[in-house]
**Q** 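Sharing a structure with you now.
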Amino acid sequence: VSDVRTGDAGASTVGCAHCGAQVPFGAFCGNCGAPLNRAGAVDRRSSYAAAPHEPVALSSVITTLFPHLPHRQVHVFREVLVAGVGIVLLLAALRLVAPATLVSVLLLPVLYLLYLYESQVYEDEPVRVLLLTVISGAVFGFLFFLIATRLSTPLISGTVQGPLVSGVLLPVIAQALMLAGPLVLLTRAKFDETLDGLAFGAAAALGFTLVNVIAGSWSFFTAPLVHGIATDDVLRILRSGVVASVVNAGTTGVIAAAIWRRAPGHRGRPGWVTPVGVAAGFGVQVALGIAGYYAPNPLFFLVLWTAAGAALLVVVRVVLHTALLEEAGEHLAGPATPCSECHHLVPTMAFCPNCGAARLAAPKHARPAGATP
Amino acid sequence: MNSPFPNSPFPMYGGGYSSRMSHRSIIGSAAGIISLVVTVVTFVAVRVASSAQGCGFFCAPASSQPVSNAEQFVNTKWGFVIDYGGSQLTINQPDPTSDSADFLAEDQNGNTVGEIVITAMQATNTQQAVKSALSDFSSDQFQDITPVEAVPGAEVGLIPGDGEGYAANVVSTDGSADDPVGIVIMASTHGNVTLVAEMWSETDTSGDAPFYLVTDQSFDHVLTDLRFRTG
């Protein structure tokens with residue numbers, strides 16, 4: 001019997017009050033992820049399974065939509081995102097509408113491509129995954145642009161078709177198109193984790209939003225380079241770029257994740273998580289579509305989209321957190337490996353015994369052999 | 001809190017668990033890709049943009065064609081009468097007892113390319129009425145509204161009044177379809193009634209129509225031939 005700190009289970013073990021397994025002594029049970037020192041907190045709402053230093057109920061773009069990202073990389077992505085928004089504001093204030101729109105709509109997709117590379121979510125099929133997510137999303141984004149142009153005729157007070165078509169039907173069509181590509185990947189046995197569904201859904205939504213906004217804003221691009229009213233431009237550009245990217249990635253990601261966890265052969269349990277995830281994704285799209293039809297001004301519209309995006313991120317985290325706790329499964333202590341989240345040398349288990357991070361939320365290339373239950 | 005587990009002896013980059021990208025390469029890649037795409041797309045857009053500059057509102061009047069398939073709308077509540085070409089305009093709000101009349105302009109393919117709404121109210125300051133009417137335009141449909149200039153010689157039903165022209169982009173509720181449009185609002189008062197005419201139309205900058213409105217002729221018939229309540 002040797003020291004568990006070197007990875008061999010046996011010496012410093014303790015019985016987990018929640019799952020009953022003998023696990024290495026630490027802050028968290030390496031088997032079920034529950035805190036070892038707090039009875040009754042098995043759902044660990046104060047410690048999000050993909051980023052244990054944060055609570056589950058938190059609106060954080062990076063740790064929610066980029067769950068595989070190690071703790072040490074999170075702040076870099078967050079700083080790039082904040083700096084990008086600052087550049088958008090600066091360009092819009094200078095009335096450079098086209099460059100500001102482009103930066104706003106490119107920011108999240110570019111970060112997500114870097115994230116896909118960094119976390120290697122696509123495993124050994126980068127071309128297939130990118131084709132069925134980002135590229136298919138982009139193609140469907142342009143298709144939707146054409147559909148919406150046909151189905152929506154503007155009026156001073158709204159549209160000829162009324163709120164049912166403009167506020168309900170079109171958002172539902174858009175959401176279905178954003179999901180189409182990723183759902184093909186559901187048939188691939190190797191992509192059986194809920195976080196795969198989130199990543200594919202978010203990537204497709206970002207490709208969709210990018211092309212849809214560029215196609216829809218083309219007249220801004222072909223107008224004189226410096227034009228427009230700064231205040232209006234800032235509100236519109238932020239809403240249709242960064243905020244819409246977050247909302248669309250959130251709705252598509254949460255629906256895909258919810259479907260993924262209950263697909264045949266996957267480990268999600270029955271319950272409220274999947275229905276709530278699917279309903280939240282479509283519900284937010286329809287609610288914003290109807291609200292947009294009656295929105296009194298661009299500021300209200302931006303605030304509404306931002307609030308919806310913030311609430312949606314919490315729903316995404318609840319779905320992911322629940323899925324990570326469910327999917328961990330039973331796993332014995334393996335050899336000691338560095339945790340990608342806390343960078344401590346810990347026995348390879350479903351959860352890091354030191355920080356509680358789910359191994360399934362680690363970058364795929366960083367998972368030690370046998371880490372996946 | 002002291003951890004019972006030692007720190008990893010491996011560096012964060014290059015050994016043991018390693019990130020595939022350093023902080024510097026993440027920042028550099030993001031900045032590089034975004035800068036490249038923004039530069040290329042902006043360059044292409046500027047190159048394909050039309051550089052034609054028309055004469056705007058100060059163009060010579062276009063030769064008007066006679067109205068075809070003439071029809072008439074009579075508002076019984078406020079007593080105004082509108083003659084319009086049924087081939088060019090379709091009435092969208094035909095209730096004669098309401099406060100307004102709404103007409104849609106369509107192109108040859110039946111696509112809506114403009115709209116004119118005439119709204120009646122108790123006599124009021126026409127400048128204020130024009131300013132207030134701008135808020136009628138759905139902010140989700142009409143974005144980037146930029147004042148162009150006051151409409152010189154604005155009149156409704158040959159009654160002098162006030163008017164303002166704007167440039168804007170019309171966007172559908174999902175933010176997809178987007179076209180440059182012109183917006184013109186005019187108001188005139190006769191007796192104890194103020195009529196406010198709100199109109200938008202797709203623009204054609206290669207032409208010489210006022211505010212580049214492609215529907216200027218059909219709107220002009222409505223505005224010129226409109227009659228306030230008599231007596």
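Sequence lines set the chain letters: A, B, ... in the order given, protein chains first and strands last, and positions in each chain run from 1.
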**Q** Under 4.5 Å from any heavy atom of chain B, what part of A:I87 do you find: side chain, backbone, both or neither?
**A**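 When you check distances to chain B, no heavy atom of A:I87 falls under 4.5 Å.
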
**Q** Give me the one residue out of B:V40, B:I34, B:V41 that meets side chain to side chain contact (heavy atoms under 4.5 Å, CB included) with A:L102.
**A** B:V41

**Q** Please classify the contact of A:Y117 with chain B as side chain, backbone, both or neither, using a heavy-atom distance under 4.5 Å.
**A**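 The answer is both parts of A:Y117.
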
**Q** Pick whichever of A:V110, A:T101, A:I147, A:L113 has the most heavy-atom pairs under 4.5 Å with chain B.
**A** A:V110

**Q** CG of A:L96 to OG1 of B:T42: how many Å apart, nearest 0.5 Å?
**A**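 The CG atom of A:L96 sits 9.0 Å away from the OG1 atom of B:T42.
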
**Q** Which one, A:L146, A:L114, A:V80, leads in non-hydrogen pairs under 4.5 Å with chain B?
**A**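 Between A:L146, A:L114, A:V80, the count favours A:L114.
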
**Q** Need one label for A:P353: side chain, backbone, both or neither, based on atoms under 4.5 Å from any heavy atom in chain B.
**A** both

**Q** Test: ring pair (Phe, Tyr, Trp, His ring centres under 6.0 Å). Region: residues 88-108 of chain B. Which pairs qualify, not counting sequence neighbours?
**A**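 Qualifying pairs: B:Y84-B:F103.
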
**Q** Give a yes or no answer on whether the side chain of A:E79 reaches the backbone of B:I27 with a donor-acceptor pair at less than 3.5 Å.
**A**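 Answer holds: no.
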
**Q** Can you see which heavy atom on B:H23 is nearest to which on A:Q73, and at what distance?
**A**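 The answer is CD2-OE1, 3.0 Å.
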
**Q** When rounded to the nearest 0.5 angstrom, what is the spacing between OG in B:S29 and CG in A:L111?
**A** 10.5 Å

**Q** Relative to chain A, which segment of B:I183 carries a heavy atom at a distance below 4.5 Å: side chain, backbone, both, or neither?
**A**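 Neither; nothing under 4.5 Å.
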
**Q** Within a 6.0 Å radius of atom NZ on B:K131, are there more than 12 heavy atoms belonging to other residues, nucleotides or ligands?
**A**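 Open.
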
